[in-house]
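Here is the structure we will look at, set down as C-alpha coordinates.
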Amino acid sequence: MANIHIPPGWRLRESEATPESVYLDRRQFVARMGGGAVLAAASLACRPGGAATQQRGPLDNIPDTPTADLYPVAVNDPRFTPGDRHKEISPEEIVATYNNFYEFGTDKDGVWRNVGPFEARPWELEVTGLVENPGVYDLVELERAFPLEERIYRHRCVERWSVVVPWIGFPLARLLERVQPRNDASHVAFVTFNRPEQAYGMKSMTWWPWPYHEGLRMDEAMNELAFVVTGMYGHPLQKQNGAPVRIHLPWKYGYKSPKSIVRIEVTDQQPATFWNTSTPAEYGFYSNVDPGVPHPRWSQAQEEIVGTGQRVPTLPFNGYGEWVGELYGGRVTPAGDVPHAR
Ligand SMILES: Nc1nc2c(c(=O)[nH]1)N[C@H]1C(S)=C(S)[C@@H](COP(=O)(O)O)O[C@H]1N2
Ligand SMILES: [Mo]
(Lines give C-alpha, C1' and ligand atoms only; values in the text may rest on other atoms or scores of the structure.)
(Ligands and ions follow the chains in the order given, each with its own letter.)
Protein backbone atom coordinates (compact mmCIF):
# COMPACT_ATOMS: atom_id res chain seq x y z
CA MET A 1 0.00 0.00 0.00
CA ALA A 2 1.65 3.17 1.10
CA ASN A 3 0.69 5.02 -2.01
CA ILE A 4 2.93 7.83 -0.88
CA HIS A 5 5.71 6.35 1.19
CA ILE A 6 7.40 3.77 -1.00
CA PRO A 7 11.10 4.56 -0.96
CA PRO A 8 12.57 4.85 -4.45
CA GLY A 9 14.08 1.67 -5.79
CA TRP A 10 15.22 -1.08 -3.53
CA ARG A 11 17.13 0.73 -0.84
CA LEU A 12 15.30 1.14 2.42
CA ARG A 13 16.13 4.50 3.92
CA GLU A 14 18.83 4.39 6.56
CA SER A 15 16.39 5.72 9.14
CA GLU A 16 13.93 2.91 8.51
CA ALA A 17 16.18 -0.03 9.14
CA THR A 18 19.85 -0.26 9.87
CA PRO A 19 21.67 -3.58 9.90
CA GLU A 20 23.70 -2.37 12.88
CA SER A 21 20.56 -2.45 14.98
CA VAL A 22 21.00 -6.19 15.03
CA TYR A 23 24.19 -5.85 16.97
CA LEU A 24 23.42 -2.91 19.20
CA ASP A 25 21.86 -3.36 22.57
CA ARG A 26 18.46 -1.86 23.01
CA ARG A 27 19.43 1.40 24.65
CA GLN A 28 22.10 2.14 22.06
CA PHE A 29 19.68 1.29 19.32
CA VAL A 30 16.99 3.61 20.58
CA ALA A 31 19.49 6.39 21.09
CA ARG A 32 20.98 6.01 17.65
CA MET A 33 17.63 5.64 15.97
CA GLY A 34 15.84 8.59 17.39
CA GLY A 35 18.33 10.81 19.09
CA GLY A 36 17.04 13.27 21.66
CA ALA A 37 15.09 15.42 19.26
CA VAL A 38 12.91 12.67 17.91
CA LEU A 39 12.38 10.99 21.24
CA ALA A 40 11.14 14.27 22.64
CA ALA A 41 8.06 13.74 20.51
CA ALA A 42 7.37 10.40 22.17
CA SER A 43 5.21 10.17 25.25
CA LEU A 44 7.02 10.77 28.49
CA ALA A 45 6.23 8.60 31.45
CA CYS A 46 5.63 10.83 34.45
CA ARG A 47 5.87 9.64 38.03
CA PRO A 48 3.86 11.27 40.83
CA GLY A 49 5.64 14.31 42.19
CA GLY A 50 8.38 14.12 39.64
CA ALA A 51 9.40 15.32 36.27
CA ALA A 52 9.52 12.99 33.32
CA THR A 53 11.72 10.14 34.41
CA GLN A 54 11.68 7.86 31.43
CA GLN A 55 11.35 8.08 27.71
CA ARG A 56 9.27 5.51 25.96
CA GLY A 57 11.20 3.34 23.56
CA PRO A 58 9.85 1.06 20.84
CA LEU A 59 9.91 -1.98 23.13
CA ASP A 60 8.03 -0.23 25.94
CA ASN A 61 4.58 -0.54 24.36
CA ILE A 62 3.33 -3.78 25.90
CA PRO A 63 0.05 -3.03 27.70
CA ASP A 64 -0.34 -4.43 31.21
CA THR A 65 -2.31 -7.65 31.29
CA PRO A 66 -3.20 -10.19 33.95
CA THR A 67 -2.28 -12.85 31.38
CA ALA A 68 1.40 -11.81 31.28
CA ASP A 69 2.17 -15.04 33.19
CA LEU A 70 1.19 -17.05 30.08
CA TYR A 71 4.21 -15.70 28.17
CA PRO A 72 6.63 -16.90 26.91
CA VAL A 73 5.13 -20.18 25.73
CA ALA A 74 6.80 -23.56 25.44
CA VAL A 75 5.04 -24.91 22.39
CA ASN A 76 6.71 -24.25 19.06
CA ASP A 77 5.58 -26.66 16.38
CA PRO A 78 8.52 -27.10 13.99
CA ARG A 79 6.13 -27.81 11.11
CA PHE A 80 5.41 -24.10 10.97
CA THR A 81 8.97 -22.85 11.23
CA PRO A 82 10.38 -21.55 7.94
CA GLY A 83 12.70 -24.04 6.28
CA ASP A 84 15.87 -23.30 4.39
CA ARG A 85 15.18 -19.74 3.24
CA HIS A 86 14.13 -16.47 4.90
CA LYS A 87 14.38 -18.20 8.24
CA GLU A 88 16.47 -15.91 10.44
CA ILE A 89 14.25 -14.35 13.09
CA SER A 90 14.21 -10.57 12.67
CA PRO A 91 15.38 -8.57 15.70
CA GLU A 92 12.41 -7.28 17.69
CA GLU A 93 13.84 -3.77 17.39
CA ILE A 94 13.19 -3.98 13.64
CA VAL A 95 9.72 -5.49 13.88
CA ALA A 96 8.70 -2.92 16.52
CA THR A 97 9.94 0.11 14.58
CA TYR A 98 9.13 -0.68 10.94
CA ASN A 99 5.35 -0.82 10.92
CA ASN A 100 2.31 -0.37 8.78
CA PHE A 101 -0.57 0.69 11.02
CA TYR A 102 -2.29 3.61 9.34
CA GLU A 103 -4.43 4.31 12.40
CA PHE A 104 -1.20 5.79 13.81
CA GLY A 105 0.15 7.49 10.70
CA THR A 106 1.86 6.42 7.49
CA ASP A 107 5.52 6.72 8.53
CA LYS A 108 6.74 3.25 9.40
CA ASP A 109 9.20 4.44 12.01
CA GLY A 110 6.60 6.81 13.48
CA VAL A 111 3.96 4.26 14.45
CA TRP A 112 5.63 3.21 17.70
CA ARG A 113 5.94 6.86 18.70
CA ASN A 114 2.23 7.51 18.16
CA VAL A 115 0.64 4.58 19.99
CA GLY A 116 0.96 6.10 23.48
CA PRO A 117 -2.70 7.18 23.84
CA PHE A 118 -4.05 3.87 22.53
CA GLU A 119 -5.61 1.87 25.40
CA ALA A 120 -5.11 -1.71 24.31
CA ARG A 121 -6.14 -3.43 27.58
CA PRO A 122 -8.62 -4.46 28.86
CA TRP A 123 -10.13 -5.64 25.57
CA GLU A 124 -13.25 -7.36 24.36
CA LEU A 125 -13.49 -9.43 21.21
CA GLU A 126 -16.94 -10.04 19.81
CA VAL A 127 -17.70 -13.09 17.70
CA THR A 128 -20.97 -12.63 15.90
CA GLY A 129 -23.04 -13.39 12.82
CA LEU A 130 -23.91 -16.84 11.48
CA VAL A 131 -22.72 -18.88 14.46
CA GLU A 132 -24.47 -21.08 17.00
CA ASN A 133 -22.68 -19.45 19.95
CA PRO A 134 -22.17 -15.73 19.40
CA GLY A 135 -20.56 -13.87 22.25
CA VAL A 136 -18.46 -11.05 23.58
CA TYR A 137 -15.28 -12.41 25.10
CA ASP A 138 -12.87 -10.74 27.42
CA LEU A 139 -9.59 -11.34 25.59
CA VAL A 140 -8.11 -12.62 28.85
CA GLU A 141 -10.65 -15.47 28.75
CA LEU A 142 -9.58 -16.47 25.25
CA GLU A 143 -5.88 -16.36 26.10
CA ARG A 144 -6.60 -18.80 28.92
CA ALA A 145 -9.09 -20.92 26.98
CA PHE A 146 -6.79 -22.07 24.21
CA PRO A 147 -3.27 -23.39 24.61
CA LEU A 148 -0.97 -20.62 23.39
CA GLU A 149 1.73 -21.63 20.97
CA GLU A 150 4.56 -19.90 19.16
CA ARG A 151 4.64 -19.77 15.37
CA ILE A 152 7.66 -18.42 13.55
CA TYR A 153 6.08 -16.97 10.44
CA ARG A 154 7.42 -14.97 7.55
CA HIS A 155 5.57 -11.70 7.03
CA ARG A 156 5.59 -10.34 3.48
CA CYS A 157 4.23 -6.84 2.85
CA VAL A 158 2.89 -5.99 -0.60
CA GLU A 159 5.46 -3.17 -0.61
CA ARG A 160 8.07 -5.95 -1.10
CA TRP A 161 9.71 -6.07 2.29
CA SER A 162 9.62 -8.98 4.71
CA VAL A 163 10.45 -9.95 8.28
CA VAL A 164 10.43 -13.22 10.23
CA VAL A 165 8.50 -13.01 13.50
CA PRO A 166 7.94 -15.39 16.42
CA TRP A 167 4.22 -14.76 16.99
CA ILE A 168 2.30 -16.25 19.94
CA GLY A 169 -1.38 -17.13 19.79
CA PHE A 170 -3.80 -19.85 18.78
CA PRO A 171 -5.26 -21.09 15.49
CA LEU A 172 -8.33 -19.18 14.31
CA ALA A 173 -9.89 -22.58 13.63
CA ARG A 174 -10.00 -23.30 17.40
CA LEU A 175 -12.04 -20.16 18.02
CA LEU A 176 -14.37 -20.84 15.09
CA GLU A 177 -14.91 -24.44 16.23
CA ARG A 178 -15.97 -23.09 19.60
CA VAL A 179 -18.56 -20.67 18.19
CA GLN A 180 -19.74 -23.16 15.53
CA PRO A 181 -20.39 -21.47 12.18
CA ARG A 182 -23.80 -22.37 10.74
CA ASN A 183 -24.08 -24.32 7.49
CA ASP A 184 -24.90 -21.20 5.49
CA ALA A 185 -21.72 -19.41 6.64
CA SER A 186 -19.19 -18.86 3.84
CA HIS A 187 -16.86 -16.07 5.01
CA VAL A 188 -15.34 -14.43 8.05
CA ALA A 189 -14.94 -10.65 8.46
CA PHE A 190 -12.57 -8.89 10.86
CA VAL A 191 -13.15 -5.39 12.19
CA THR A 192 -10.57 -3.26 13.96
CA PHE A 193 -11.02 -0.71 16.78
CA ASN A 194 -12.55 2.67 15.96
CA ARG A 195 -11.16 5.32 18.32
CA PRO A 196 -9.95 8.39 16.46
CA GLU A 197 -9.37 10.14 19.80
CA GLN A 198 -6.64 7.58 20.58
CA ALA A 199 -5.30 7.13 17.06
CA TYR A 200 -3.74 10.12 15.36
CA GLY A 201 -3.92 8.62 11.87
CA MET A 202 -7.63 7.87 12.08
CA LYS A 203 -8.31 11.35 13.28
CA SER A 204 -6.20 13.15 10.68
CA MET A 205 -6.73 10.94 7.60
CA THR A 206 -10.49 10.99 7.42
CA TRP A 207 -10.57 9.85 3.79
CA TRP A 208 -9.79 6.20 4.58
CA PRO A 209 -12.70 3.76 5.10
CA TRP A 210 -12.19 3.35 8.88
CA PRO A 211 -12.28 1.22 10.84
CA TYR A 212 -9.73 -1.09 9.18
CA HIS A 213 -11.50 -4.26 8.07
CA GLU A 214 -10.53 -7.48 6.36
CA GLY A 215 -11.96 -10.88 5.51
CA LEU A 216 -11.40 -14.49 4.51
CA ARG A 217 -13.28 -17.31 2.93
CA MET A 218 -14.35 -19.87 5.56
CA ASP A 219 -11.97 -22.57 4.32
CA GLU A 220 -9.06 -20.09 4.49
CA ALA A 221 -10.06 -19.09 8.01
CA MET A 222 -10.21 -22.77 9.03
CA ASN A 223 -6.78 -23.53 7.54
CA GLU A 224 -4.27 -24.54 10.19
CA LEU A 225 -1.98 -21.60 9.32
CA ALA A 226 -4.54 -18.86 10.06
CA PHE A 227 -3.44 -17.55 13.45
CA VAL A 228 -4.94 -15.32 16.12
CA VAL A 229 -1.97 -13.46 17.58
CA THR A 230 -1.78 -12.14 21.14
CA GLY A 231 1.99 -12.13 21.63
CA MET A 232 5.40 -11.81 19.99
CA TYR A 233 9.01 -12.44 21.02
CA GLY A 234 7.98 -14.24 24.19
CA HIS A 235 5.66 -11.55 25.57
CA PRO A 236 2.25 -9.98 24.85
CA LEU A 237 2.03 -7.89 21.65
CA GLN A 238 3.50 -4.41 21.40
CA LYS A 239 0.83 -1.84 20.58
CA GLN A 240 2.45 -0.96 17.26
CA ASN A 241 2.21 -4.63 16.20
CA GLY A 242 -1.53 -4.83 16.87
CA ALA A 243 -1.98 -5.28 20.62
CA PRO A 244 -3.80 -6.88 22.16
CA VAL A 245 -5.04 -9.17 19.37
CA ARG A 246 -4.43 -9.38 15.64
CA ILE A 247 -4.61 -11.93 12.85
CA HIS A 248 -1.61 -13.32 10.97
CA LEU A 249 -1.88 -15.11 7.61
CA PRO A 250 1.64 -15.90 6.41
CA TRP A 251 0.66 -16.86 2.85
CA LYS A 252 -1.00 -13.52 2.11
CA TYR A 253 0.29 -9.98 1.77
CA GLY A 254 0.57 -8.22 5.12
CA TYR A 255 -2.52 -6.06 4.70
CA LYS A 256 -4.71 -9.16 5.00
CA SER A 257 -3.61 -9.47 8.66
CA PRO A 258 -5.61 -6.87 10.61
CA LYS A 259 -4.31 -5.49 13.89
CA SER A 260 -6.16 -4.69 17.12
CA ILE A 261 -9.39 -6.39 16.11
CA VAL A 262 -12.63 -5.98 18.07
CA ARG A 263 -15.02 -8.14 16.07
CA ILE A 264 -15.05 -11.34 14.05
CA GLU A 265 -18.22 -11.66 12.03
CA VAL A 266 -19.23 -14.87 10.30
CA THR A 267 -21.23 -14.13 7.15
CA ASP A 268 -22.67 -15.60 3.95
CA GLN A 269 -21.04 -12.97 1.72
CA GLN A 270 -17.52 -11.99 0.72
CA PRO A 271 -16.67 -9.14 3.11
CA ALA A 272 -15.48 -5.75 1.90
CA THR A 273 -11.84 -5.04 2.74
CA PHE A 274 -10.08 -1.78 3.58
CA TRP A 275 -7.58 -1.84 0.71
CA ASN A 276 -9.90 -3.29 -1.91
CA THR A 277 -12.44 -0.59 -1.10
CA SER A 278 -9.77 2.14 -1.19
CA THR A 279 -7.86 1.04 -4.30
CA PRO A 280 -9.68 -1.80 -6.12
CA ALA A 281 -7.39 -1.69 -9.16
CA GLU A 282 -4.39 -2.58 -6.99
CA TYR A 283 -5.60 -4.75 -4.10
CA GLY A 284 -7.82 -7.80 -4.43
CA PHE A 285 -9.69 -9.89 -1.90
CA TYR A 286 -7.45 -12.98 -1.92
CA SER A 287 -4.08 -11.22 -2.12
CA ASN A 288 -1.96 -14.36 -1.88
CA VAL A 289 1.76 -13.62 -2.10
CA ASP A 290 2.50 -14.15 -5.79
CA PRO A 291 5.86 -13.36 -7.40
CA GLY A 292 4.22 -13.85 -10.81
CA VAL A 293 1.65 -11.08 -10.52
CA PRO A 294 3.29 -7.64 -10.34
CA HIS A 295 1.64 -4.82 -8.48
CA PRO A 296 0.60 -2.26 -11.11
CA ARG A 297 3.40 0.00 -9.86
CA TRP A 298 6.18 -2.49 -9.04
CA SER A 299 7.37 -6.07 -9.51
CA GLN A 300 6.69 -8.66 -6.81
CA ALA A 301 9.46 -10.99 -8.00
CA GLN A 302 11.80 -10.08 -5.13
CA GLU A 303 11.70 -8.66 -1.64
CA GLU A 304 14.09 -7.11 0.86
CA ILE A 305 14.47 -8.69 4.28
CA VAL A 306 14.29 -5.65 6.52
CA GLY A 307 17.42 -4.98 8.48
CA THR A 308 19.67 -7.32 6.50
CA GLY A 309 20.09 -5.54 3.18
CA GLN A 310 19.38 -8.95 1.63
CA ARG A 311 17.21 -9.08 -1.43
CA VAL A 312 15.72 -12.50 -2.15
CA PRO A 313 13.27 -14.03 -4.62
CA THR A 314 9.68 -13.96 -3.42
CA LEU A 315 8.08 -17.38 -3.02
CA PRO A 316 4.55 -18.33 -4.19
CA PHE A 317 2.27 -18.24 -1.13
CA ASN A 318 5.31 -16.77 0.68
CA GLY A 319 6.64 -20.33 0.93
CA TYR A 320 3.49 -21.82 2.49
CA GLY A 321 2.03 -23.50 -0.61
CA GLU A 322 2.18 -26.95 0.92
CA TRP A 323 -0.43 -25.83 3.48
CA VAL A 324 -2.72 -23.66 1.40
CA GLY A 325 -2.08 -24.46 -2.26
CA GLU A 326 -5.16 -26.64 -2.63
CA LEU A 327 -7.49 -23.85 -1.54
CA TYR A 328 -7.16 -22.01 -4.85
CA GLY A 329 -7.63 -24.56 -7.62
CA GLY A 330 -4.01 -24.74 -8.69
CA ARG A 331 -3.42 -20.99 -8.95
CA VAL A 332 -1.70 -18.60 -6.59
CA THR A 333 -3.73 -15.56 -7.61
CA PRO A 334 -7.30 -16.73 -8.29
CA ALA A 335 -8.79 -15.52 -11.59
CA GLY A 336 -10.18 -12.00 -11.31
CA ASP A 337 -8.65 -11.24 -7.91
CA VAL A 338 -7.07 -8.07 -9.27
CA PRO A 339 -7.96 -6.59 -12.64
CA HIS A 340 -4.31 -6.46 -13.80
CA ALA A 341 -3.61 -10.17 -13.16
CA ARG A 342 -3.66 -12.42 -16.19
N1 LIG B 1 -5.60 -2.20 11.78
C2 LIG B 1 -4.61 -2.29 10.85
N3 LIG B 1 -4.07 -3.48 10.60
C4 LIG B 1 -3.07 -3.59 9.68
C5 LIG B 1 -2.60 -2.45 8.97
C6 LIG B 1 -3.20 -1.20 9.28
O7 LIG B 1 -2.85 -0.14 8.71
N8 LIG B 1 -4.19 -1.16 10.22
N9 LIG B 1 -1.59 -2.59 8.04
C10 LIG B 1 -1.37 -3.93 7.48
C11 LIG B 1 -0.12 -4.03 6.73
S12 LIG B 1 -0.07 -3.27 5.22
C13 LIG B 1 0.95 -4.75 7.19
S14 LIG B 1 2.34 -4.97 6.23
C15 LIG B 1 0.95 -5.32 8.54
C16 LIG B 1 2.18 -4.84 9.31
O17 LIG B 1 2.28 -5.49 10.54
P18 LIG B 1 3.53 -5.19 11.48
O19 LIG B 1 3.71 -3.70 11.53
O20 LIG B 1 3.18 -5.77 12.81
O21 LIG B 1 4.71 -5.86 10.84
O22 LIG B 1 -0.22 -4.99 9.29
C23 LIG B 1 -1.41 -5.02 8.56
N24 LIG B 1 -2.53 -4.81 9.46
MO1 LIG C 1 1.70 -4.22 4.09
Side-chain angles (χ1 to χ4, degrees), residues 1-6 16-17 58-59 61-62 89-115 118 120 123 153-169 189-196 198-202 204-205 208-216 227-233 236-250 252-264 273-279 282-283 287-289 295 298 300 303-307 314 318:
M1 24 246 49
N3 301 315
I4 321 155
H5 289 272
I6 307 286
E16 290 175 322
L59 304 187
N61 288 320
I62 306 169
I89 292 178
S90 303
E92 187 178 358
E93 284 83 353
I94 298 273
V95 174
T97 56
Y98 193 82
N99 300 110
N100 275 332
F101 202 168
Y102 275 24
E103 285 87 334
F104 299 98
T106 54
D107 285 336
K108 292 188 204 334
D109 62 355
V111 173
W112 69 267
R113 296 184 172 89
N114 291 332
V115 293
F118 175 42
W123 196 265
Y153 276 168
R154 288 196 279 261
H155 173 92
R156 170 50 157 92
C157 177
V158 75
E159 298 161 343
R160 63 188 172 174
W161 54 265
S162 65
V163 286
V164 181
V165 184
W167 302 113
I168 295 169
F190 306 102
V191 182
T192 287
F193 75 103
N194 193 2
R195 302 184 197 159
Q198 295 181 13
Y200 141 91
M202 286 182 113
S204 55
M205 299 186 286
W208 298 111
W210 308 116
Y212 197 94
H213 50 287
E214 256 302 337
L216 291 172
F227 207 47
V228 179
V229 177
T230 57
M232 60 194 283
Y233 294 86
L237 278 171
Q238 303 279 358
K239 290 190 204 175
Q240 62 268 38
N241 296 103
V245 59
R246 71 176 295 172
I247 300 297
H248 198 265
L249 310 164
K252 292 180 179 285
Y253 289 120
Y255 61 86
K256 292 293 296 181
S257 294
K259 295 174 167 183
S260 308
I261 60 171
V262 296
R263 191 162 74 250
I264 296 178
T273 67
F274 183 92
W275 281 104
N276 181 253
T277 299
S278 311
T279 322
E282 300 191 350
Y283 306 110
S287 307
N288 297 323
V289 174
H295 186 278
W298 57 82
Q300 294 290 15
E303 69 204 54
E304 182 160 332
I305 303 175
V306 184
T314 290
N318 200 24

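Just follow the structure's listing: the first ligand is 1, and inside any ligand the first atom is 1.
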*Mind checking what makes salt bridge (Lys or Arg N to Asp or Glu O under 4.0 Å) contact with E103, not counting sequence neighbours?*
none
*Taking atom 2 (C) of ligand 1 as the point of reference, which of Y212, W208, Y98 owns the nearest heavy atom?*
Y212
*Can a donor-acceptor pair be found between the side chains of H295 and E282 at a distance below 3.5 Å?*
yes
_Contact check: E103 vs ligand 1, nitrogen or oxygen atoms, below 3.5 angstrom_ = yes
*Under 4.0 Å from a heavy atom of C157: give me the atoms of ligand 1 that qualify, with their elements.*
14 (S)
*Of the non-hydrogen atoms in A243 and L237, which two are nearest, and what is the gap between them?*
CB-O, 3.5 Å
*ligand 1 versus Y102, non-hydrogen atoms closer than 4.0 Å: side chain, backbone, both, neither?*
both
_With the threshold set at under 4.0 angstrom, would you say T192 reaches ligand 1 through any of its heavy atoms?_
yes
*For atom 21 (O) of ligand 1, state which one of Q240, H155, H248 supplies the nearest heavy atom.*
H155
_Nearest atoms (heavy-atom pairs only) where I89 meets P166_ = CG2-CD, 3.8 Å
*N/O of Y255 under 3.5 Å from N/O of ligand 1, yes or no?*
no
*Candidates Y102, Y212, F101, F190 - the one meeting side chain to side chain contact (heavy atoms under 4.5 Å, CB included) with K259*: F101
*Given that the side chain starts at C-beta and the backbone is N, CA, C, O, which of these parts of N99 lies under 4.0 Å from ligand 1, counting heavy atoms, or is it both or neither?*
both
*Sequence neighbours left out, what passes ring pair (Phe, Tyr, Trp, His ring centres under 6.0 Å) with F118? Give chain and number order.*
F104, W123, F193
*Is it true that E214 and K252 have a side-chain N and a carboxylate O under 4.0 angstrom from each other?*
no
_One residue to check: S257. Relative to ligand 1, which of side chain, backbone, both or neither has a non-hydrogen atom less than 4.0 Å away?_
backbone
